[in-house]
Amino acid sequence: MAEKTTIDTTTTTDTKTALVTGANKGLGYEIAAGLGAKGYRVAVGARDAARGEAAVKALYAAGVDAYAVPLDVTDDRSVTDAAQLIERRAGGRLDVLVNNAGIAGETGPGWEQDPTTLDLDVARRVVDTNVYGVIRVTNAMLPLLRRSPSPRIVNISSSVGSLTWQSDPEINVGPVMAAYSPTKTYLNAVTVHYVRQLADTDILINTACPGLVATDFTGGVGRPVQEAAATPIRLATLPDGGPTGTFVNDDGSIPW
């Protein structure tokens with residue numbers, strides 16, 4: 001029988017909790033590790049419960065206070081159950097939400113998704129995860145975030161969602177990805193509306209582009225995940241009065 005990781009469930013008023021979706025590996029795991037290193041208790045959102053527990057065990061061994069949260073962002077019941085679990089474990093509040101979970105969808109050679117032959121079922125699956133999943137999770141967690149003195153939301157997007165860059169023939173934004181790229185444009189637009197709706201609250205909402213990251217998502221192509229996690233972690237830990245409604249990478253602002 002596998003050894004079960006035992007973690008103290010006591011929450012103090014000084015302990016901040018961060019939920020990172022898709023945190024069992026890759027960029028999400030590194031964001032979780034980075035927030036944990038800053039003293040956050042990390043709720044590790046993972047669609048696969050066993051992988052979530054394995055990630056928690058690794059984080060705990062590295063000194064991070066973490067616990068697993070079974071979470072399929074495409075499933076309403078799973079998201080509701082996750083919010084209830086976090087409410088119990090985090091003393092009724094959530095301080096940081098990082099919407100990291102995402103998929104690319106099936107691609108052809110060179111990662112291409114040809115719009116003229118695009119399978120609509122593929123497009124629907126990518127939208128459901130990358131956009132509707134963010135809406136599901138954010139809305140479920142908002143009551144908990146509102147109870148935090150310094151709530152933060154970070155949506156992991158991509159520069160391929162920039163219509164300005166996508167429409168400029170002088171800028172290389174990579175292959176045509178007619179399912180994946182538009183979901184990031186959609187996510188950016190939805191984020192702007194969250195910012196507008198919550199403008200009179202203390203919730204800071206920002207969008208981060210981690211760049212091309214060497215993970216399973218990219219087949220190991222790209223820069224180290226430790227580097228890519230830096231900007232999302234910075235946005236998740238902004239001081240009160242910090243920026244909101246931004247779309248940034250390591251170098252600064254990205255045009256919408």
Side-chain angles (χ1 to χ4, degrees), residues 5 7 9 11 15-38 40-60 62 64-104 125-126 128-145 148 151-157 183 187 191 194 205-208 210 213 215-217 225 228-229 232-233 235-237:
T5 303
I7 299 174
T9 60
T11 301
T15 302
K16 289 187 175 182
T17 296
L19 168 64
V20 183
T21 66
N24 61 285
K25 63 179 181 178
L27 180 62
Y29 180 89
E30 289 300 326
I31 293 171
L35 291 173
K38 290 181 175 291
Y40 285 76
R41 169 172 284 177
V42 183
V44 176
R47 182 173 53 184
D48 185 293
R51 291 179 180 178
E53 289 290 353
V56 166
K57 188 172 182 178
L59 289 167
Y60 197 60
V64 174
D65 185 2
Y67 59 93
V69 178
L71 177 56
D72 180 348
V73 302
T74 68
D75 184 271
D76 291 342
R77 178 59 182 270
S78 176
V79 173
T80 298
D81 289 348
Q84 292 174 349
L85 173 60
I86 292 170
E87 184 172 25
R88 295 193 301 270
R89 294 291 297 267
R93 80 171 200 235
L94 180 65
D95 301 282
V96 172
L97 168 61
V98 180
N99 285 305
N100 167 74
I103 62 173
R125 285 195 295 272
V126 182
D128 197 15
T129 298
N130 296 359
V131 183
Y132 301 157
V134 171
I135 296 171
R136 283 189 189 92
V137 173
T138 300
N139 289 352
M141 302 301 162
L142 268 176
L144 306 183
L145 286 161
S148 169
R152 307 288 180 260
I153 298 174
V154 180
N155 290 338
I156 303 301
S157 186
T183 66
L187 174 60
T191 303
Y194 273 107
I205 310 170
N206 291 285
T207 307
V213 189
T215 64
D216 291 347
F217 190 91
V225 287
I233 291 170
L235 295 175
T237 58

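For reference, positions follow the sequence shown, starting with 1.
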**Message:** Would you compute the distance between atom CG of D65 and atom OH of Y60 and round it to the nearest 0.5 angstrom?
**Reply:** 7.0 Å
**Item:** 4.5 Å side-chain heavy-atom contact, V64 and V42
**Value:** yes
**Message:** Can you tell me how far apart CG (L19) and OH (Y67) are? Round to the nearest 0.5 Å.
**Reply:** 8.0 Å
**Prompt:** Quick one: CZ on R77 to CG on D81, what's the gap to the nearest 0.5 Å?
**Reply:** 4.5 Å
**Non-hydrogen atoms of A68 and L85 that approach each other most closely** = O-CD2, 3.8 Å
**Message:** Tell me the closest heavy-atom pair linking T207 and S157, and the distance in Å.
**Reply:** CG2-CB, 3.2 Å
**Asked** What distance separates T74 OG1 from I103 CD1, expressed to the nearest 0.5 Å?
**Response** 8.5 Å
**Fill in**
Given the options L97, I86, D95, L144 meets side-chain contact (heavy atoms from CB on, under 4.5 Å) only with I86
**Request:** To the nearest 0.5 angstrom, please state how far the CG atom of L187 sits from the CD1 atom of I156.
**Result:** 9.5 Å
**Message:** Using every non-hydrogen atom in the two residues, find where I31 and P232 come nearest and quote the distance to one decimal.
**Reply:** CD1-CB, 3.7 Å
**Prompt:** Is any side-chain heavy atom of V20 less than 4.5 Å from a side-chain heavy atom of V44?
**Reply:** no
**Request:** Mind listing the closest non-hydrogen atom pair of A236 and R152 along with its distance?
**Result:** O-CG, 3.4 Å
**Message:** How long is the straight-line distance from CD1 of I153 back to CG of N206, given to the nearest 0.5 Å?
**Reply:** 10.0 Å
**Request:** Indicate whether any N or O donor in one side chain lies under 3.5 Å from an N or O acceptor in the other, for S78 and D72.
**Result:** no
**Message:** So which atom in G102 and which in T129 form the shortest heavy-atom distance, rounded to 0.1 Å?
**Reply:** CA-CG2, 3.9 Å
**Request:** Check A101 against N130 and note the closest heavy-atom contact, atom names and distance.
**Result:** O-OD1, 4.4 Å
**Complete:** Sorted by chain and residue number, the side-chain hydrogen bond (donor to acceptor under 3.5 Å, both in side chains) partners of D75 (sequence neighbours excluded) come out as none
**Prompt:** Are L59 and Y29 close enough that some pair of their side-chain heavy atoms sits under 4.5 Å apart?
**Reply:** yes
Would you give me the side-chain donor-acceptor pairs under 3.5 Å for residues 132-143, sequence neighbours excluded?
residue	atom	partner	partner atom	Å
R136	NE	D76	OD1	2.8
R136	NH1	V73	O	3.2
R136	NH1	D128	OD1	2.9
R136	NH2	D128	OD1	2.9
T138	OG1	N99	ND2	3.1
T138	OG1	V134	O	2.7
N139	OD1	Y194	OH	2.7

**Prompt:** Hey, does the side chain of T21 reach the backbone of N100 with a donor-acceptor pair shorter than 3.5 angstrom?
**Reply:** yes
